[in-house]
J.: 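Handing you this structure, nothing more for now.
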Amino acid sequence: MAKLSILEFPDPRLRTRARLVAPADFTPAFQQLLDDMFETMYEAPGIGLAATQVDCHLRFMVMDVSEEKNAPRVFINPEIIHSDGHQVYQEGCLSVPGIFADVTRANQITVRALDRQGKSFDLEADGLLAVCIQHEMDHLDGKVFVDYLSPLKREMVRKKLAKQRRESA
Ligand code: ZN
């Protein structure tokens with residue numbers, strides 16, 4: 001029973017700004033939560049999951065953008081220290097199921113973060129990995145990708161999700 005439940009748009013808890021992970025947060029329970037988040041993400045299936053989405057309001061996220069699902073990545077207290085260019089990618093989100101929309105983001109980024117042992121690393125990313133990092137970092141600031149859409153389109157998304165939920169209830 002490791003699977004965590006994922007908050008869905010427009011749940012107001014998705015609007016929470018997460019706080020920095022402190023050295024004291026690196027507990028066995030935290031390591032377990034990381035494992036549970038990976039399990040939840042792979043099972044969904046998804047390529048990234050931010051703590052915000054499982055109602056934990058600390059700045060970290062898990063990710064695996066590989067085809068083989070064998071390249072798990074953890075980013076704790078991530079910050080983008082360099083970004084360049086732009087790209088448009090059709091994004092989806094486990095918190096906005098069944099909805100896909102084009103979002104423009106930086107094409108190349110350098111992210112600085114801590115790994116699950118608390119060790120700092122810098123990673124240069126482009127393409128899908130760069131998209132995913134920026135998407136998950138938005139969650140930590142209480143943002144969801146549909147925020148980039150027009151108000152009209154966002155309202156359509158909200159209605160479509162409400163309808164999906166009614167039909168699956
Ligand atoms: Zn998302």
Side-chain angles (χ1 to χ4, degrees), residues 2-21 30 33-67 69 71-80 83 86-109 111-114 116 123 125-165 168:
K3 198 167 176 276
L4 306 165
S5 63
I6 298 174
L7 302 178
E8 289 188 6
F9 177 80
D11 192 308
R13 290 171 290 181
L14 286 170
R15 297 306 181 185
T16 311
R17 238 187 108 84
R19 72 161 172 86
L20 285 169
V21 175
F30 178 68
L33 178 58
L34 287 168
D35 291 340
D36 290 348
M37 282 176 63
F38 273 115
E39 193 180 326
T40 303
M41 179 191 82
Y42 285 126
E43 225 172 280
I47 60 172
L49 188 64
T52 311
Q53 293 176 275
V54 294
D55 203 22
C56 169
H57 301 289
L58 290 174
R59 303 188 77 81
F60 68 95
M61 59 221 200
V62 301
M63 202 172 296
D64 188 343
V65 300
S66 69
E67 289 283 337
K69 298 294 156 216
R73 296 175 189 273
V74 173
F75 297 86
I76 296 167
N77 295 342
E79 46 176 336
I80 290 174
S83 70
H86 65 269
Q87 60 173 324
V88 179
Y89 194 89
Q90 192 181 55
E91 297 186 18
C93 178
L94 295 177
S95 293
V96 194
I99 307 290
F100 299 90
D102 283 350
V103 178
T104 303
R105 298 190 189 269
N107 186 37
Q108 285 172 314
I109 60 169
V111 62
R112 178 166 293 168
L114 305 176
R116 63 187 298 168
L123 175 74
D126 59 12
L128 176 59
L129 180 59
V131 167
C132 195
I133 290 168
Q134 293 170 85
H135 175 119
E136 302 310 333
M137 283 182 69
D138 271 356
H139 279 301
L140 304 180
D141 287 325
K143 276 174 84 173
V144 182
F145 84 104
V146 294
D147 296 349
Y148 295 99
L149 307 180
S150 68
L152 183 69
K153 212 154 174 218
R154 195 159 50 247
E155 181 59 16
M156 280 166 56
V157 167
R158 208 185 52 73
K159 282 184 177 152
K160 191 173 169 192
L161 288 173
K163 186 162 177 273
Q164 281 174 13
R165 275 193 283 266
S168 67

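When a ligand or atom number is given, it counts from 1 through the structure's own listing order. Everything numeric here is computed off the predicted structure, so don't read it as measured data.
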J.: Which atom pairs, one a donor and one an acceptor, fall under 3.5 Å between side chains of residues 157-164 and the rest of the protein, sequence neighbours left out?
T.:
{"residue": "R158", "atom": "NE", "partner": "E155", "partner atom": "OE1", "Å": "3.2"}
{"residue": "R158", "atom": "NH2", "partner": "E155", "partner atom": "OE2", "Å": "2.7"}
{"residue": "K163", "atom": "NZ", "partner": "E167", "partner atom": "OE2", "Å": "3.4"}

J.: Looking at every non-hydrogen atom in both residues, tell me the closest pair between Q134 and I80 and how far apart they are.
T.: CG-CD1, 3.8 Å
J.: What protein atoms of element N, O or S are positioned under 2.8 Å from the Zn ion (ligand 1)?
T.: C93 SG, H135 NE2, H139 NE2
J.: So, the side chain of E39 versus the backbone of D35: is there a donor-acceptor pair under 3.5 Å, distance only?
T.: no
J.: Should F30 and R116 be marked as a side-chain contact (heavy atoms from CB on, under 4.5 Å) after you check the CA-CA gap, both sets of side-chain angles, and the distance that decides it?
T.: CA-CA 9 Å; F30 178 68; R116 63 187 298 168; 5.7 Å; no
J.: Could you check if a side-chain atom of I6 sits within less than 4.5 angstrom of a side-chain atom of S95, using non-hydrogen atoms only?
T.: yes
J.: Inspect the contact between R13 and D11 and indicate whether a charged nitrogen and a carboxylate oxygen are less than 4.0 angstrom apart.
T.: yes
